[in-house]
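Only one structure is covered here, and it is reproduced in the block below.
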Amino acid sequence: MTIRIRHADENPHEASEINVTPFIDVMLVLLVIFMVTAPLTTVNVPVDLPSSTEKPTPRPDDPVFLTVKADHGLALGEDDITMDGLAGALETATKGNRDERVFLRADKTVDYGTLMGVMDKLRSAGYLKVALVNLQGQEEGSEAGTAPLAGSGNPTIAPASGATP
């Protein structure tokens with residue numbers, strides 16, 4: 001009878017490290033998915049925003065209208081002003097009442113950056129109640145070849161985003 005004594009060297013060794021191959025496969029699949037879907041999440045299309053169905057806010061007795069003209073000039077009421085003189089002119093027009101709402105009108109050719117610059121000046125001057133004014137009842141391009149006259153149509157006053165009504 002033969003007895004065989006096993007030594008520790010003769011046993012096949014079991015792998016005790018983690019097999020990372022499935023992990024790498026999953027990560028590569030996720031990388032491909034994100035590479036394909038990432039460009040789809042950024043939208044660079046022009047947007048024609050819908051008009052509001054809300055009834056216009058009634059016009060106050062003595063409104064303060066600030067107008068940004070097509071040449072980026074400013075007018076407070078009927079008087080032309082400069083960007084530097086905006087705070088002083090508003091102080092005079094509102095009689096120092098910083099809680100009075102300022103109605104901001106802008107030509108449709110004025111770029112967004114210029115409009116936001118004017119709104120920043122209003123905020124730095126302490127006028128936080130700003131309403132944006134548009135024409136109601138006219139669709140853009142409804143009359144081909146004709147542009148509406150300044151002040152024509154029914155002005156609609158909508159509180160600006162973040163403004164208090």
Side-chain angles (χ1 to χ4, degrees), residues 26-165:
V26 169
M27 296 314 282
L28 288 174
V29 168
L30 288 175
L31 177 67
V32 169
I33 290 172
F34 288 132
M35 286 173 55
V36 170
T37 59
L40 301 176
T41 59
T42 57
V43 179
N44 291 329
V45 294
V47 175
D48 186 16
L49 296 175
S51 62
S52 175
T53 58
E54 196 66 29
K55 292 187 179 185
T57 305
R59 181 183 279 201
D61 295 334
D62 190 20
V64 177
F65 281 103
L66 178 63
T67 306
V68 183
K69 297 185 277 185
D71 63 354
H72 296 188
L74 296 177
L76 188 61
E78 298 292 325
D79 303 324
D80 290 339
I81 59 172
T82 63
M83 186 71 91
D84 296 332
L86 178 62
L90 279 172
E91 185 78 23
T92 304
T94 61
K95 300 175 186 72
N97 182 9
R98 295 208 186 314
D99 287 333
E100 188 169 343
R101 187 173 307 277
V102 176
F103 297 99
L104 182 60
R105 301 176 347 141
D107 191 273
K108 66 179 173 181
T109 61
V110 173
D111 61 300
Y112 185 73
T114 303
L115 188 62
M116 291 309 297
V118 172
M119 290 182 77
D120 283 343
K121 275 288 199 186
L122 285 170
R123 185 177 51 212
S124 66
Y127 294 92
L128 302 179
K129 292 185 176 182
V130 177
L132 302 177
V133 180
N134 68 348
L135 294 177
Q136 183 183 25
Q138 286 183 330
E139 292 185 21
E140 191 171 334
S142 62
E143 296 178 34
T146 61
L149 299 173
S152 67
N154 301 325
T156 301
I157 301 169
S161 174
T164 55

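In this structure, the separation between OG1 on Thr67 and CG on Leu74 is 9.0 Å, given to the nearest 0.5 Å. Here the NE2 atom belonging to His72 is positioned 9.5 Å from the CE atom belonging to Met83, to the nearest 0.5 angstrom. In this structure, CG in Asn97 is found 8.5 Å from NZ in Lys129, a value given to the nearest 0.5 Å. To the nearest 0.5 Å, atoms CZ (Arg101) and OG1 (Thr94) are separated by 14.0 Å.
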Determine whether Thr109 and Asp107 satisfy the following criterion, side chain to side chain donor-acceptor pair (under 3.5 Å), listing intermediate values before the conclusion. CA-CA 5 Å; Thr109 61; Asp107 191 273; 2.5 Å; yes

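Counting heavy atoms from C-beta on, the side chains of Leu90 and Ile81 never come closer than 4.5 Å. A heavy-atom distance below 4.5 Å is found between the side chains of Leu115 and Leu104. Leu86 has its side chain within reach of Leu66: a pair of non-hydrogen atoms, C-beta onward, lies under 4.5 Å apart. Side-chain atoms of Leu28 and Val32, non-hydrogen and from C-beta on, never get closer than 4.5 Å to each other.
Closest approach of Arg123 and Leu128 over heavy atoms only: CG-CD2, 3.6 Å.
The main-chain N or O of Val102 is never found under 3.5 Å from a side-chain atom of Tyr127 such that the two would form a donor-acceptor pair.
Under the 3.5 Å distance criterion, with hydrogens and angles disregarded, a donor-acceptor pair is assigned to the side chains of Thr114 and Asp111.
Looking at residues two or more places apart in sequence or on another chain, you find a salt bridge (charged side-chain N to carboxylate O under 4.0 Å, His left out) between Glu91 and Arg98. The salt bridge (charged side-chain N to carboxylate O under 4.0 Å, His left out) search around Asp80 returns Lys69, not counting sequence neighbours.
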